[in-house]
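In what follows, chains are A, B, ... by sequence order, proteins preceding strands, each numbered from 1. For clarity, every value in this text was computed on a predicted model and none was experimentally measured.
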2 protein chains.
Amino acid sequence: MENRIQRIKETLQGAQYKLTPQREVTVRVLLENERDHLSAEDVFLKVKDKYPEIGLATVYRTLELLSELKVLDKINFGDGVSRYDLRKEGAEHFHHHLVCMECGAVEEIEEDLLGDVEKIVENDYNFKVLDHRLTFHGVCRDCQERSRKK
Amino acid sequence: MENRIQRIKETLQGAQYKLTPQREVTVRVLLENERDHLSAEDVFLKVKDKYPEIGLATVYRTLELLSELKVLDKINFGDGVSRYDLRKEGAEHFHHHLVCMECGAVEEIEEDLLGDVEKIVENDYNFKVLDHRLTFHGVCRDCQERSRKK
DNA sequence: CTCGCTGCAAATTATTTGCATAGAT
DNA sequence: ATCTATGCAAATAATTTGCAGCGAG
C-alpha cells in the first residue's frame, strides 16, 4: 500500500505536481476500494469521512489529473456516471470487465485475452493499437445459479 | 433504405409502438449517417432540417426506444455524450470500434473477432456472454502516414 | 512573495420528466 | 373516446469553472 502511494507520488512529481493531503486521501480511498468501480461521487463521500473539509471539485480535479497521468482509467458502463479504475502496476493495457445485466456486478479480468485480436487489427486494418477496452455484458455465475433454482 | 425502414417499423409494431413521422425522420437521419457516430444533439439538428417542429425530447425518447429494441446501440467514447450506432441487420453482436487518439476518427470493424475470447470467458469465468463492446484506442492509418512525413 | 491547490458557489452540459395537447384508431 | 406520442418548459444530474484565500518552498 505505502509503496504504491510512493510510486504515485513519484508519478505526480515527475509531472510537476504535488501529492497534497487531499490528493493522498483520494488515492488511499481508491487503493482501498480497488475492486469496486467508484464514481466521482462515491469517491467524494469516502474521502469526506477521512477529510471532511474536502470539496467535490477537488475530487473531480484529482481524478482527472490521475487519469491524465494514466494512474487511473476513466470508464463508463452506460449509466450516466464516469467511474474510475486504478491501473495495475506496470499494466500496459486496460483490464477487461464482465458486467452482469441482472445484478449489475462487475468482475475484472486481468489476463490479456486480446493479443491475437490486436495483431489482426494492426495487420488487416493498419491501425496502431495503443490501448483497448473490452467489456462483456451477460449473466454472472451467481445469477445463472439463482435462475436455475427458480 | 426503404426496406430497412420497413424492418424497423415492424420491430416497433411488434412491440406495440408506432412509426410516427417524427420517429421515421429520426430513423432516416440515422440511416443516412450510419458511419458517423451521432450524438443526440447531432441527430436532433439533422432531424430539425427535415422536420423543424420536432423537440429535442422526442429525439431523446426515440433514441432511447430504439436502443431498447436493439435497433440502436448507445455508446460512449469518453467525451461526455452518448452516441448512437445502428446495429447491422441480423448482427448478433455489437461491432467493434477503432478510435484514433490523434484525429478522433472512428472506424468500425464488422468482423467478429471475439469468438475464441468469449469461449474463454464462458468456460474459465462461468460468465454467460450476451454481448460485448470492444474499442481499440490508437493511431489510424492516416495519422501514421502523416507523422511519417514530418 | 509567488504560485499551485483548494473550497465554495455559480455556471454549464446532457438528459429526463411533467403536463396539456394533438393525433391515430 | 381512448390512449399513445409530442412539444415545450422546467427539473435533475454530472461535471466544470471562476475566484478569493491558503499554504509550501
To the nearest Å, how far apart are [X] [atom1] and [N] [atom2]?
| X | N | atom1 | atom2 | result |
| --- | --- | --- | --- | --- |
| B:L65 | C:dT15 | CG | C1' | 16 Å |
| B:Q13 | C:dA24 | CD | C1' | 13 Å |
| B:L38 | C:dA14 | CG | P | 15 Å |
| A:L19 | C:dG4 | CG | C1' | 14 Å |
| B:F44 | C:dT13 | CZ | P | 16 Å |
| A:Q16 | C:dC5 | CD | P | 10 Å |
| B:E24 | C:dA24 | CD | P | 13 Å |
| A:K18 | C:dC3 | NZ | P | 11 Å |

Assess whether atom CZ of B:F77 is packed by more than 12 heavy atoms of other residues, nucleotides or ligands within 6.0 Å.
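Counting other residues, nucleotides and ligands, CZ of B:F77 exceeds 12 neighbours.
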Take atom CG in B:D116; do more than 12 heavy atoms of anything else shown fall under 6.0 Å from it?
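12 or below, so no.
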Answer yes or no: does a side-chain N or O of A:Q22 lie under 4.0 Å from OP1 or OP2 of C:dG7?
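Checking A:Q22 against C:dG7: at least one side-chain N or O falls below 4.0 Å of OP1 or OP2.
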Cationic N near anionic O, under 4.0 Å, [X] to [Y]:
| X | Y | answer |
| --- | --- | --- |
| B:K88 | B:E34 | yes |
| A:E24 | A:R28 | yes |
| B:D131 | B:K70 | no |

With side chain to side chain contact (heavy atoms under 4.5 Å, CB included) as the test, would you mind laying out the steps for A:L114 and A:H96 before giving the verdict?
CA-CA 10 Å; A:L114 292 178; A:H96 315 311; 3.8 Å; yes
By nearest heavy atom, map B:Y17 and A:E64 onto DNA chain D; which one lands nearer the 5' end?
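The residue whose closest nucleotide sits nearer the 5' end is B:Y17.
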Look at the side chain of A:R61 against the base of C:dG7 and say whether a donor-acceptor pair falls under 3.5 Å; ignore hydrogens and angles.
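Yes, the side chain and the base share a sub-3.5 Å donor-acceptor pair.
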Determine, stepwise, if the pair A:D73 / A:H95 fulfils side-chain hydrogen bond (donor to acceptor under 3.5 Å, both in side chains).
CA-CA 10 Å; A:D73 282 302; A:H95 49 263; 5.8 Å; no
Range on DNA chain D touched by chain A - first to last nucleotide, heavy-atom distance under 4.0 Å
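Contacts span D:dA14 to D:dG18, reading 5' to 3'.
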